[in-house]
Amino acid sequence: MDRHPWTDHDFIAGDPCLDFLNTVGDSGKTRTQERLVDARALDDWALARGLISSHGAPASTARELAAALALRERLHALFASIARGEADALAWEAVRGDLAAALAVSRLAAPDTLALAAPRLPERLALAALSLLHDGRLSRLKECARCSWLFLDQSKARRRRWCRTEVCGNRARVERHYRRRHGGAAS
């Protein structure tokens with residue numbers, strides 16, 4: 001299996017939880033192109049995102065990968081509904097148990113801070129989601145107009161539409177140009 005080479009272009013969401021949710025997707029709204037193909041790919045992503053260090057962190061297991069991927073889809077359902085202004089109660093119910101389990105194994109990251117840490121990556125990701133839910137930035141949460149990626153719109157006017165203008169924004173402009181020139185829908 002080929003592993004995805006993680007770069008800064010993969011971390012556009014403005015939050016580690018959202019970057020995690022964006023580890024799957026494609027050029028449309030379906031979420032079929034999986035980039036976390038095995039436990040090592042999950043660790044490579046977490047290392048690139050700065051959630052784990054290159055030494056001392058235990059390797060994720062296949063079971064933890066499965067837990068992380070299931071968590072990712074539950075979190076995506078919740079945060080996508082929030083981005084659409086719908087705050088899905090069923091999605092919240094599905095995520096609540098994950099957050100409670102992560103809190104149960106969490107500890108203070110340092111004695112003089114309220115930041116939480118967890119021993120394993122799935123719990124760390126759940127804590128990142130909890131932080132995002134409570135840190136006051138959800139009003140900036142958006143879903144790309146073209147794909148399923150989520151991001152925090154940090155623009156002053158809050159008019160960002162695409163995850164990355166050079167990818168989804170460009171595809172949208174090309175489709176719009178095609179429709180104008182050919183008088184129909186792009187294929």
Side-chain angles (χ1 to χ4, degrees), residues 1-80 83 91 94-95 97-99 101-102 105-106 109 115-133 137 141-154 160-172 174:
M1 284 184 255
D2 290 333
R3 285 194 192 94
H4 181 79
W6 302 104
T7 68
D8 289 344
H9 295 293
D10 297 306
F11 305 111
I12 57 85
D15 184 86
C17 174
L18 298 177
D19 284 330
F20 174 61
L21 303 184
N22 295 343
T23 58
V24 66
D26 61 19
S27 61
K29 290 291 184 181
T30 59
R31 294 174 55 80
T32 56
Q33 186 179 350
E34 179 61 70
R35 295 186 297 164
L36 299 177
V37 295
D38 57 25
R40 177 63 195 257
L42 175 62
D43 290 341
D44 289 347
W45 173 84
L47 179 63
R49 185 57 175 91
L51 293 178
I52 61 173
S53 66
S54 59
H55 52 282
S60 292
T61 64
R63 186 178 194 163
E64 289 170 331
L65 172 66
L69 296 181
L71 171 65
R72 181 187 64 193
E73 295 313 307
R74 289 189 295 274
L75 288 172
H76 187 271
L78 175 64
F79 284 111
V95 167
D98 298 309
L99 302 178
V105 298
S106 68
L116 296 175
R120 304 301 295 181
L121 202 45
E123 289 83 13
R124 289 180 191 178
L125 295 165
L127 291 176
L130 184 62
S131 176
L132 178 59
L133 285 166
R137 297 182 296 159
L141 180 64
K142 291 190 178 180
E143 183 174 20
C144 179
R146 179 159 173 75
C147 74
S148 66
W149 279 23
L150 298 169
F151 57 89
L152 294 173
D153 183 355
Q154 300 298 339
R160 182 175 164 190
R161 296 183 57 207
W162 301 293
C163 58
R164 293 185 3 221
T165 56
E166 67 274 14
V167 178
C168 285
N170 188 53
R171 288 178 182 147
V174 167

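Since the model is a prediction, treat every value here as computed from it, not as a measurement.
Between atom CG of residue Asp98 and atom CG of residue Leu71 there is a gap of 5.0 Å, rounded to the nearest 0.5 Å. Taking CG from Asp44 and CZ from Arg3, the interatomic distance works out to 6.0 Å, rounded to the nearest 0.5 Å. Separating the CZ atom in Arg49 from the SG atom in Cys17 is a distance of 10.0 Å, to the nearest 0.5 Å. Summarising the geometry, atom CG belonging to Leu125 is positioned 7.0 Å from atom CG belonging to Leu42; distances are rounded to the nearest 0.5 Å. Ser131 OG to Asp15 CG: the interatomic distance, rounded to the nearest 0.5 Å, is 6.5 Å. Once rounded to the nearest 0.5 Å, the distance linking CZ of Arg161 with CG of Asp153 reads 12.0 Å.
Of the possible polar contacts, one joining the Trp149 side chain to the Asn22 backbone as a donor-acceptor pair under 3.5 Å is found. Put simply, the side chain of His76 gets close to the backbone of Ser148: a donor and an acceptor are under 3.5 Å apart. Between the side chain of Lys29 and the main chain of Cys147, a donor-acceptor pair closer than 3.5 Å is present.
Between Glu34 and Leu69, some side-chain heavy-atom pair lies under the 4.5 Å cut-off. Side-chain atoms of Ser60 and Leu65, non-hydrogen and from C-beta on, never get closer than 4.5 Å to each other. By the 4.5 Å heavy-atom criterion applied to side chains, Pro58 and Arg120 are counted as neighbours.
At most 12 non-hydrogen atoms from other residues, nucleotides or ligands lie less than 6.0 angstrom from CD of Gln33.
Minimum interatomic distance between Arg137 and Leu152 (heavy atoms only, all atoms of both residues): NH1-CD1, 3.2 Å. Across Val95 and Arg74, no two heavy atoms sit closer than the pair CG2-O, 3.5 Å. Shown here for Leu36 and Thr23, the closest heavy-atom pair between the two residues is CD1-OG1, 3.4 Å. Residues Pro16 and Leu51 come closest through the heavy atom pair CB-CD2, 4.1 Å. Minimum interatomic distance between Leu127 and Ala118 (heavy atoms only, all atoms of both residues): CD1-CB, 3.7 Å. Nearest heavy atom pair, residue Glu143 against residue Ala80, reads OE1-CB, 4.5 Å.
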Under the side-chain contact (heavy atoms from CB on, under 4.5 Å) rule, what do Leu150 and Leu141 come out as? Steps first, then yes or no, please.
CA-CA 7 Å; Leu150 298 169; Leu141 180 64; 4.3 Å; yes
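The aromatic ring centres of Trp162 and Phe151 sit 6.0 Å or more apart.
Between Trp45 and Phe20, the ring-plane angle classifies as tilted under the 30° and 60° cut-offs.
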